[in-house]
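What follows is a short report on a single structure.
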Amino acid sequence: MKIAELHSWPNDHKAALQIQKDLSSEIITRAESSIKPRIVVGVDVSSVRGNTRLWAAVVAIHLPELKIVEEAFATIEAGYPYIPGLLSFREIPVLIEAMRNLTSKPDLVICDGQGIAHPRFFGLASHLGLWLNVPTIGCAKSLLVGEAAEPGIHAGDWQPLKYKNRTVGGILRTRKGCKPMYVSPGHMIDVDRSISLVQATNKGYRLPEPTRLAHLAVTRYRLSFSE
DNA sequence: GCGACAG
DNA sequence: ATCTTGTCGC
């Protein structure tokens, strides 16, 4: 068990890398259940250049209607800078705080970052999923690691994302003619199900609805502090 | 050593 | 991620 490390925070980069390596073995890369999720939560974090404060919004959506059932927020001082590959150590504390303010019980969380499509197979979505013990999907707007063929131009077209001889996710065209999304399992889910659930939560925009609404919500929340 | 690099 | 206007393509 590496659960102790799950709740201990790294003092330096080297410790952070080791924690990711150790915890990655705890990640389940298959579907925990075949039951369709009803409550899907989108999460997003916002900040301001030149300031260390972070704001977070979590938005619970009901499937398949894609309607908001609840929103929750939190803001704290960042305890960690942004370092590619170590994003979760920066964003998880404020996300945990926001999740504590949510009364709905999520069946699935969609994160704005990578899952196992990560140098040590332990991106933000994996870290958050392990911490919350909830199925999670990483749905990022750009690539961190891996290689894939260019997906077709139509919505729904996708290609497997490979990294170090493993299929770690897929590059998914969520909207015709738009830049694709980088989808990977976070925890307790597999690649195929991650792809299909991102599509099931898409409402015709590039971003899946939970993520899109969380982004709008966190921007609104952050701006409410400067007035 | 060099380039790449989620948010 | 943030800052920031108009502009091009489906």
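Note on naming: letters A, B, ... go to the chains in the order of the sequence lines (proteins, then strands), and numbering restarts at 1 for each one.
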Next item on the list: Provide, to the nearest angstrom, the distance between the CG atom belonging to A/D112 and the P atom belonging to C/dT2.
Entry: 10 Å

Check: With respect to A/F73, which candidate in A/W55, A/F225, A/Y221 satisfies the ring pair (Phe, Tyr, Trp, His ring centres under 6.0 Å) definition?
Finding: A/Y221

Contacts under 3.5 angstrom, residues 37-47 of chain A side chains, donor-acceptor by atom type, not counting sequence neighbours:
unit_1: A/R38; atom_1: NH2; unit_2: A/L63; atom_2: O; d: 3.4
unit_1: A/D44; atom_1: OD2; unit_2: A/H215; atom_2: ND1; d: 2.7
unit_1: A/S46; atom_1: OG; unit_2: A/R222; atom_2: NE; d: 2.8

Next item on the list: Not counting sequence neighbours, list each pair that qualifies as a salt bridge (Lys or Arg N to Asp or Glu O under 4.0 Å) and has a residue in residues 84-97 of chain A.
Entry: A/E97-A/R100

Notebook entry, point to check: Counting any heavy atom closer than 4.0 Å, what does A/G85 reach on the DNA or RNA strands: base, sugar-phosphate only, or nothing?
Noted result: base

Next item on the list: Sort and list the pairs that fulfil salt bridge (Lys or Arg N to Asp or Glu O under 4.0 Å) and have at least one residue in residues 66-76 of chain A, not counting sequence neighbours.
Entry: A/E71-A/R220

Next item on the list: Classify the angle between the aromatic ring planes of A/Y80 and A/F89 as parallel (below 30°), tilted (30 to 60°) or perpendicular (above 60°).
Entry: tilted

Might you list the N or O atoms of the protein lying below 3.5 Å from N or O atoms in nucleotides 5-10 of chain C, with each pair's distance?
unit_1: C/dC10; atom_1: O3'; unit_2: A/K176; atom_2: NZ; d: 3.3

Notebook entry, point to check: Any stems for DNA chain B, made of 3 or more Watson-Crick or G-U pairs in a row, each with both distances under 3.5 Å?
Noted result: none

Notebook entry, point to check: A/N202 side chain to A/Y205 main-chain N or O, any donor-acceptor pair under 3.5 Å?
Noted result: yes

Notebook entry, point to check: Can you list every pair that meets salt bridge (Lys or Arg N to Asp or Glu O under 4.0 Å) and has a residue in residues 202-212 of chain A, with sequence neighbours left out?
Noted result: A/E209-A/R212

Check: For A/S8, what residues pass the side chain to side chain donor-acceptor pair (under 3.5 Å) criterion, not counting sequence neighbours?
Finding: none

Margin query: So does A/L128 get a backbone contact from the side chain of A/H187, meaning a donor-acceptor N/O pair under 3.5 Å?
Written below: no

Notebook entry, point to check: Of all of residues 158-168 of chain A, which get a heavy atom below 4.0 angstrom from DNA chain B, listed by number?
Noted result: none

Next item on the list: Take atom NZ of A/K179 as the centre, draw a 6.0 Å sphere, and report whether it contains more than 12 heavy atoms from other residues, nucleotides or ligands.
Entry: yes

Check: Under 3.5 Å, is there a donor-acceptor pair between the side chain of A/T75 and the main chain of A/L54?
Finding: yes

Check: At their closest point, which heavy atom of A/I116 faces which heavy atom of A/R166, and how far apart are they?
Finding: CD1-NH2, 3.8 Å

Check: Which residue pairs pass the side-chain hydrogen bond (donor to acceptor under 3.5 Å, both in side chains) test with at least one member in residues 119-132 of chain A, sequence neighbours excluded?
Finding: A/Q20-A/R120, A/S88-A/H127

Output side-chain donor-acceptor pairs under 3.5 Å for residues 147-163 of chain A, partner residues at least two apart or in another chain, one line each.
unit_1: A/E150; atom_1: OE2; unit_2: A/R173; atom_2: NH2; d: 2.9
unit_1: A/D157; atom_1: OD2; unit_2: A/I153; atom_2: N; d: 3.4
unit_1: A/D157; atom_1: OD2; unit_2: A/H154; atom_2: N; d: 2.9

Notebook entry, point to check: Contact class for A/L95 vs. all strands (heavy atom < 4.0 Å): base, sugar-phosphate, or nothing?
Noted result: nothing

Checklist line | Involving DNA chain C, stems made of at least three consecutive Watson-Crick or G-U pairs, both distances under 3.5 Å | finding: none

Notebook entry, point to check: Which nucleotide of DNA chain B is the first, and which the last, in the 5' to 3' direction, to come under 4.0 Å of a heavy atom belonging to chain A?
Noted result: B/dC5 to B/dG7

Notebook entry, point to check: When the distance from CG of A/L223 to P of C/dA1 is rounded to whole Å, what number comes out?
Noted result: 14 Å

